[in-house]
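In what follows, chains are A, B, ... by sequence order, proteins preceding strands, each numbered from 1.
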2 protein chains.
Amino acid sequence: MSKAEHYCSHVVLTSHPSQIFTKSIPVQWGARSARERGPVVASLTDMTARNAIGTHGGAYSVYRALATSAGRLRTIFRPDLTNTAPAERIGPFPSWSAADKIVALDPWGANVHDDFREFFKRGYDIRPSIAVTKAHIHMPEIAEAIATGRLRADGVIVRKRGDVVVTKVALEPVWFLPGIAARFNVSESELRRGLFQYTGGMFPELVTRPDLKVFLPPIGGMTAYVFGPLRYVADIRKPLTCRVHDECNGSDVFGSDICTCRPYLVHGIEEAIKSAQAGGSGLIVYFRKEGRALGEVTKFLVYNARKRQKGGDTAAEYFHRTECVAGVQDMRFQQIMPDVLHWFGIQRIDRFISMSDMKYDAIVKSGIHILERVPIPDDLVPDDAKVEMEAKKAAGYYTPTRVKSKRALKRVRGRRLNE
Amino acid sequence: MSKAEHYCSHVVLTSHPSQIFTKSIPVQWGARSARERGPVVASLTDMTARNAIGTHGGAYSVYRALATSAGRLRTIFRPDLTNTAPAERIGPFPSWSAADKIVALDPWGANVHDDFREFFKRGYDIRPSIAVTKAHIHMPEIAEAIATGRLRADGVIVRKRGDVVVTKVALEPVWFLPGIAARFNVSESELRRGLFQYTGGMFPELVTRPDLKVFLPPIGGMTAYVFGPLRYVADIRKPLTCRVHDECNGSDVFGSDICTCRPYLVHGIEEAIKSAQAGGSGLIVYFRKEGRALGEVTKFLVYNARKRQKGGDTAAEYFHRTECVAGVQDMRFQQIMPDVLHWFGIQRIDRFISMSDMKYDAIVKSGIHILERVPIPDDLVPDDAKVEMEAKKAAGYYTPTRVKSKRALKRVRGRRLNE
């Protein structure tokens with residue numbers, strides 16, 4: 001036996017639809033009820049019951065695999081879901097059964113223990129892909145807004161000492177592949193082949209199992225923070241303020257001044273709180289799409305290229321530099337972003353705290369009305385971030401003011417690398 | 001042709017060592033120079049030149065695959081690396097060629113354009129897995145430390161208005177599989193099979209290509225923030241303050257009060273700045289291991305179980321609740337964490353801003369001395385986070401004070417879910 005054969009022993013490299021998966025339950029995406037839709041079974045304790053490609057936990061499935069390989073986690077472990085059910089029930093909404101409104105998450109992923117009770121009884125290992133909890137958050141900028149009188153402590157949403165009460169929801173990506181393909185205007189088989197090939201060969205089931213329509217990709221998910229009563233978010237009689245935010249660790253956590261990410265996020269939170277205090281609600285959705293979904297290594301390479309180029313870092317060259325290094329200006333693709341808004345049953349956003357034309361277009365195209373777009377206040381834009389801000393405005397970002405001419409964009413300059 | 005065959009056409013499902021990869025360069029992990037070691041080639045523009053499993057960008061490779069499938073990114077795109085080289089050169093250090101010190105990142109991953117110049121000339125598409133840049137960061141808590149006189153603006157490290165100058169480094173995970181297996185005390189073949197099977201079948205090359213020893217897993221990486229001169233970090237004549245921080249989005253960004261993550265991180269940054277101002281340097285390493293590397297869905301499920309259990313959320317039940325839901329208390333595994341410290345050439349940490357026994361043990365075992373462990377100041381621990389803090393102290397976390405008895409742990413209580 002060759003060394004390679006030794007490695008391969010006892011491992012089924014890829015499954016095939018001709019192999020009979022007796023316990024596999026069909027998934028009727030877009031069905032009217034949880035029961036008709038059927039549970040997504042992506043756990044690994046019983047391979048014959050799976051009806052999805054990939055597994056739970058997004059990228060953290062790799063850590064779980066490491067733990068299991070190292071003998072720290074039993075392969076047969078099933079979670080004890082006692083007391084884990086959503087802190088508050090959400091939905092179902094009509095959007096949950098409109099097959100084209102939600103294709104990037106499992107609308108029935110939160111309340112699995114109740115919704116799929118009979119399947120649990122029959123022995124299926126179904127895991128939640130959505131979790132809903134409550135929290136108190138404390139941000140220094142919000143505490144300052146209270147201290148300076150921009151926000152008031154109402155005792156319900158904003159407590160004394162600046163604590164803010166929220167309902168928060170973590171959502172894992174669960175992709176219905178025909179729906180994802182439709183969003184990107186490619187055929188399902190093109191999408192499947194592409195996802196397999198251009199990841200370097202991840203999940204051969206993408207090509208060998210066209211019968212499996214659901215894929216849990218190993219990427220980060222979303223976290224939603226709701227201010228005010230959860231049921232108001234879907235209530236068209238109540239005003240809703242919303243920001244959709246894409247992760248930027250350098251600014252969101254460390255306060256880097258090259259972009260407006262944290263200042264705009266905090267402004268969104270302040271406006272969301274005000275909306276809740278005014279009798280409506282506020283929603284912030286945080287997407288794990290670091291550095292325009294290019295990752296931080298590429299982002300830092302772009303920073304270097306921008307700050308070292310001849311003529312310095314200018315708004316005129318902003319997009320070009322990213323494209324040279326990454327091949328695209330932006331990899332975030334807002335096409336599947338609105339799904340989480342439809343999961344919340346949103347039909348109208350009164351105040352949208354974002355200037356992104358891509359986000360706006362995607363949301364409006366998906367059937368949600370946006371009444372007002374709220375730009376970041378000028379005094380929250382760090383000096384070095386003006387390069388990005390002016391470049392984006394000139395490229396189509398929403399702004400109530402005039403965009404700069406090509407010539408003027410050359411004069412919007414950031415620091416050099418060693419300043 | 002069946003439907004399944006149609007999907008499979010033109011796709012090589014998994015490669016095999018018997019297939020000849022004529023251009024593949026052997027990787028001599030732990031070799032003395034970049035040239036002897038050879039470049040890691042994980043790009044997808046020429047499949048015959050690859051010498052690694054997986055591809056660059058961690059989990060973001062999935063977004064790139066989506067972009068490519070949708071026709072937004074050319075499959076033949078190669079980055080223009082002009083001006084992207086590290087803002088400052090790091091190493092090489094003796095640890096770079098000690099095969100067992102660094103197994104979870106590519107020590108030669110930063111300066112590829114110089115180090116592998118001849119391979120670029122021969123047409124290889126080599127991508128950096130590490131990027132080094134400079135930034136100014138502004139955190140409200142640091143601004144407050146300056147305002148209240150705890151920190152002073154020195155004009156070099158801390159500028160006027162509270163800007164802090166840093167060198168920052170993004171590092172992608174690049175795993176040398178035999179070394180990872182050794183760290184976890186399992187055989188390489190067990191590790192490979194486990195990573196494949198327990199991810200639901202990711203990367204069959206893990207089992208079909210035992211000749212490929214390098215794997216770029218689709219997980220988040222690390223970001224290092226250096227305060228003070230970069231060369232001081234490895235200089236044993238200069239004091240070094242260091243914190244190794246595991247991501248917690250709920251606290252790090254949103255300030256959730258159920259844990260001490262952001263307060264401890266900010267305290268670490270403040271101490272790192274002081275160390276740099278005192279003639280040494282400071283280092284913060286941020287690891288993408290959300291919710292103990294269980295991900296946020298599991299984390300929120302655990303929060304619910306803790307806050308709803310009979311008797312309420314207590315320090316006595318803290319670890320047990322996670323284990324019920326997740327199967328393990330913690331999935332972060334600090335075994336491969338010290339690699340980044342060895343990449344920086346660190347031999348001694350004067351002040352280690354962490355109470356984690358797992359982190360401490362892993363670092364010391366890897367051969368780095370730690371002189372002092374610095375606990376989080378009591379006044380930075382939010383009330384609701386006392387449950388976690390006391391539970392961890394009782395379980396072996398470093399503390400200069402007495403740990404609570406089993407009985408006392410039952411009296412350390414957090415909020416209920418709806419308070």
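- Between A:Asp384 and A:Lys307 there is a salt bridge, with a side-chain nitrogen of the basic residue lying less than 4.0 Å from a carboxylate oxygen of the acidic one.
- Heavy atoms closer than 4.5 Å to chain B are found nowhere in A:Arg416, neither backbone nor side chain.
- Proximity to chain B (any heavy atom under 4.5 Å) is shown, for A:Gln329, by neither the backbone nor the side chain.
- Put simply, OH on B:Tyr286 and NE2 on B:His245 are 5.0 Å apart, with the number rounded to the nearest 0.5 Å.
- Residue A:Ala85 touches chain B through both its backbone and its side chain, counting heavy-atom pairs closer than 4.5 Å.
- Taking A:His56 as the reference, nothing meets the ring pair (Phe, Tyr, Trp, His ring centres under 6.0 Å) condition, with sequence neighbours excluded.
- Within the 4.5 angstrom heavy-atom criterion, only side-chain atoms of A:Leu265, from C-beta onward, approach chain B.
- Of the atoms belonging to A:Phe77, it is side-chain heavy atoms, and not backbone ones, that fall under 4.5 Å from chain B.
- Atoms OG1 and CG, from B:Thr55 and B:Leu216 in turn, are 7.0 Å apart once rounded to the nearest 0.5 Å.
- For a residue to count as touching a neighbouring chain, one of its non-hydrogen atoms must lie under 4.5 Å from one of that chain's; by this rule A:Asp383 touches chain B with the side chain only.
- Looking only at heavy-atom pairs under 4.5 Å with chain B, the residue among A:Ser61, A:Gly250, A:Gly220, A:Gly201 that has the most is A:Gly201.
- Heavy-atom distances place no part of A:Asn185 under 4.5 Å from chain B, backbone and side chain included.
- With a 4.5 angstrom heavy-atom cutoff, A:Glu247 touches chain B only via side-chain atoms.
- Residue B:Arg321 holds its CZ atom at 10.5 Å from OG1 of A:Thr84, rounded to the nearest 0.5 Å.
- In this structure, no portion of A:Lys299 lies under 4.5 Å from any heavy atom of chain B.
- Per-residue heavy-atom pair counts under 4.5 Å with chain B were compared for A:Ala135, A:Ala67, A:Gly109, and the maximum is reached by A:Ala67.
- Within the 4.5 angstrom heavy-atom criterion, no atom of A:Ile53 approaches chain B.
- Of the atoms belonging to B:Arg127, not a single heavy atom falls under 4.5 Å from chain A.
- With rounding to the nearest 0.5 angstrom, the CZ atom of B:Phe254 is 8.5 Å from the NZ atom of A:Lys168.
- Put simply, the residue from B:Pro382, B:Pro263, B:Ser251 that forms a side-chain contact (heavy atoms from CB on, under 4.5 Å) with B:Asp257 is B:Pro382.
- Residues A:Asp330 and A:Arg332 are paired through a salt bridge, judged by an N-O separation under 4.0 Å between the basic side chain and the carboxylate.
- Contact of A:Thr82 with chain B is made through the backbone alone, with heavy-atom distances under 4.5 Å.
- If you tally non-hydrogen atom pairs under 4.5 Å between each of B:Leu171, B:Val266, B:Thr298, B:Val297 and chain A, the highest count goes to B:Val297.
- Between A:Glu141 and A:Arg262 there is a salt bridge, since a side-chain N of the basic residue sits under 4.0 Å from a carboxylate O of the acidic one.
- For a residue to count as touching a neighbouring chain, one of its non-hydrogen atoms must lie under 4.5 Å from one of that chain's; by this rule A:Ile130 touches chain B with the backbone only.
- A salt bridge between B:Lys134 and B:Glu88 is present, with a side-chain N of the basic residue lying under 4.0 Å from a carboxylate O of the acidic one.
- No part of A:Arg74 comes within reach of chain B, as not one of its non-hydrogen atoms sits under 4.5 angstrom from that chain.
- Of the two parts of A:Leu294, only the backbone, made up of N, CA, C and O, holds a non-hydrogen atom closer than 4.5 Å to a non-hydrogen atom of chain B.
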